[in-house]
Engineer: 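Once you've had a glance at the structure underneath, I'll fire off some questions.
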Amino acid sequence: QVRLVESGGGLVQAGGSLRLSCAASGGTFTRYGMGWFRQAPGKEREFVAAISDSGTYTSYADSVKGRFTISKDNAKNTGYLQMSSLKPEDTAVYYCASSLYVVQRNWRAVDYWGQGTQVTVSS
């Protein structure tokens, strides 16, 4: 089974940046797409970004487009989410996700999950 471990969360001021990492093990990493979701207290888990197995295709939620960048390093079995120009509304637990080939926008269709890492943006 695929195991995912996130890191890099923390507390930042509005306008700041963070880079989240997701280390993967247990599968053929080159065949797996990777994505990120987030969930704020009392809210539904929502899609943030996804990248295909090859790393050539990316998709972003409208709320983060232009501010967040997803990437994938197959040699390191690691995915990343670079977050810039952070806003208080970005505050949430961020979850790394993976599925064979591509991660769907619907979190219920995702095959594998990390444990989550807290991102808090102060105003």
Side-chain angles (χ1 to χ4, degrees):
Q1 296 183 7
V2 174
R3 179 172 177 262
L4 306 174
V5 179
E6 303 101 327
S7 62
L11 174 65
V12 298
Q13 295 182 4
S17 299
L18 281 175
R19 189 181 74 163
L20 306 183
S21 298
C22 178
S25 62
T28 304
F29 194 65
T30 56
R31 298 184 63 186
Y32 286 84
M34 184 165 288
W36 293 89
F37 293 75
R38 66 187 183 186
Q39 188 167 21
K43 293 187 177 181
E44 179 82 354
R45 186 171 299 190
E46 65 175 345
F47 172 80
V48 176
I51 187 167
S52 63
D53 55 345
S54 66
T56 60
Y57 176 82
T58 58
S59 180
Y60 297 92
D62 289 343
S63 59
V64 307
K65 191 172 296 183
R67 299 188 297 119
F68 291 11
T69 302
I70 190 169
S71 61
K72 186 171 186 277
D73 187 339
N74 287 340
K76 296 181 178 180
N77 289 352
T78 302
Y80 304 94
L81 184 69
Q82 177 66 49
M83 306 184 295
S84 301
S85 301
L86 284 163
K87 304 174 181 179
E89 51 263 45
D90 295 318
T91 295
V93 177
Y94 283 71
Y95 296 92
C96 179
S98 186
S99 296
L100 189 65
Y101 302 127
V102 63
V103 169
Q104 303 293 328
R105 286 178 174 252
N106 185 350
W107 66 268
R108 297 173 181 85
V110 172
D111 292 328
Y112 306 103
W113 293 97
Q115 82 287 351
T117 185
Q118 177 71 47
V119 173
T120 302
V121 184
S122 64
S123 60

Engineer: Looking at residues at least two apart in the chain, or sitting in another chain, which of them share a salt bridge (charged side-chain N to carboxylate O under 4.0 Å, His left out) with E89?
Structural biologist: none

Engineer: Any pair with a residue in residues 7-28 that passes salt bridge (charged side-chain N to carboxylate O under 4.0 Å, His left out), sequence neighbours left out, goes on the list, sorted by first then second residue, please.
Structural biologist: none

Engineer: Using the side chain to side chain donor-acceptor pair (under 3.5 Å) criterion, which residues pair with T56? Sequence neighbours excluded.
Structural biologist: S54

Engineer: Just to verify, what does K43 make a salt bridge (charged side-chain N to carboxylate O under 4.0 Å, His left out) with, not counting sequence neighbours?
Structural biologist: none

Engineer: Quick one: pull up OG in S123 and NZ in K87 and give me the separation to the nearest 0.5 Å.
Structural biologist: 13.5 Å

Engineer: Going by the rule side chain to side chain donor-acceptor pair (under 3.5 Å), which residues pair with Q118 if we only count those two or more places apart in sequence or in a different chain?
Structural biologist: T120

Engineer: My understanding is that only residues two or more places apart in sequence, or in another chain, count here; which of them pass side chain to side chain donor-acceptor pair (under 3.5 Å) with R67?
Structural biologist: D90

Engineer: For A109, enumerate each residue passing the side chain to side chain contact (heavy atoms under 4.5 Å, CB included) test, keeping only those at least two apart in sequence or located in another chain.
Structural biologist: Q104

Engineer: Look up atom CD in Q39 and atom CH2 in W107, then write down how far apart they are to the nearest 0.5 Å.
Structural biologist: 7.5 Å

Engineer: Between side-chain atoms of residues 74-83 and protein atoms elsewhere (two or more places apart, or another chain), which donor-acceptor pairs fall under 3.5 Å?
Structural biologist:
{"unit_1": "N74", "atom_1": "OD1", "unit_2": "K72", "atom_2": "NZ", "d": "2.5"}
{"unit_1": "T78", "atom_1": "OG1", "unit_2": "K76", "atom_2": "O", "d": "2.8"}

Engineer: According to a hydrophobic-cluster definition based on side-chain heavy atoms being under 4.5 Å apart (Ile, Leu, Val, Met, Phe, Trp, Tyr only), do V110 and L100 belong together?
Structural biologist: no

Engineer: Do T91 and V119 make a side-chain contact, defined as non-hydrogen atoms from C-beta onward lying under 4.5 Å apart?
Structural biologist: no

Engineer: By the salt bridge (charged side-chain N to carboxylate O under 4.0 Å, His left out) test, which pairs, at least two apart or in different chains, include something from residues 103-123?
Structural biologist: E44-R108

Engineer: Using the side chain to side chain donor-acceptor pair (under 3.5 Å) criterion, which residues pair with S21? Sequence neighbours excluded.
Structural biologist: none

Engineer: In the single-linkage hydrophobic clustering (I, L, V, M, F, W, Y; side-chain heavy atoms under 4.5 Å), do I51 and L18 co-cluster?
Structural biologist: yes

Engineer: Do L4 and S98 have side-chain heavy atoms sitting under 4.5 Å apart?
Structural biologist: yes

Engineer: If a pair satisfies ring-ring contact (aromatic ring centres under 6.0 Å, His included) and one of its residues is in residues 31-58, list it, with sequence neighbours excluded.
Structural biologist: F37-F47, F37-W113

Engineer: Provide the closest heavy-atom pair for A92 versus A40 in the form atom of the first, atom of the second, distance.
Structural biologist: CB-N, 3.9 Å

Engineer: Answer yes if the side chains of R31 and Y101 hold a donor-acceptor pair under 3.5 Å, and no otherwise.
Structural biologist: yes

Engineer: According to the salt bridge (charged side-chain N to carboxylate O under 4.0 Å, His left out) rule, which pairs have a member within residues 56-66, sequence neighbours left out?
Structural biologist: D62-K65

Engineer: For L86 and F68: C-alpha separation, side-chain torsions, deciding distance, then whether side chain to side chain contact (heavy atoms under 4.5 Å, CB included) applies.
Structural biologist: CA-CA 9 Å; L86 284 163; F68 291 11; 3.9 Å; yes

Engineer: Backbone N or O of E6 within a donor-acceptor pair of the Y94 side chain at under 3.5 Å?
Structural biologist: no

Engineer: Supply the atom-to-atom distance S52 OG to I70 CD1, rounded to the nearest 0.5 angstrom.
Structural biologist: 9.5 Å

Engineer: Under the 6.0 Å and 45° cation-pi test, does R45 pair with Y95?
Structural biologist: yes

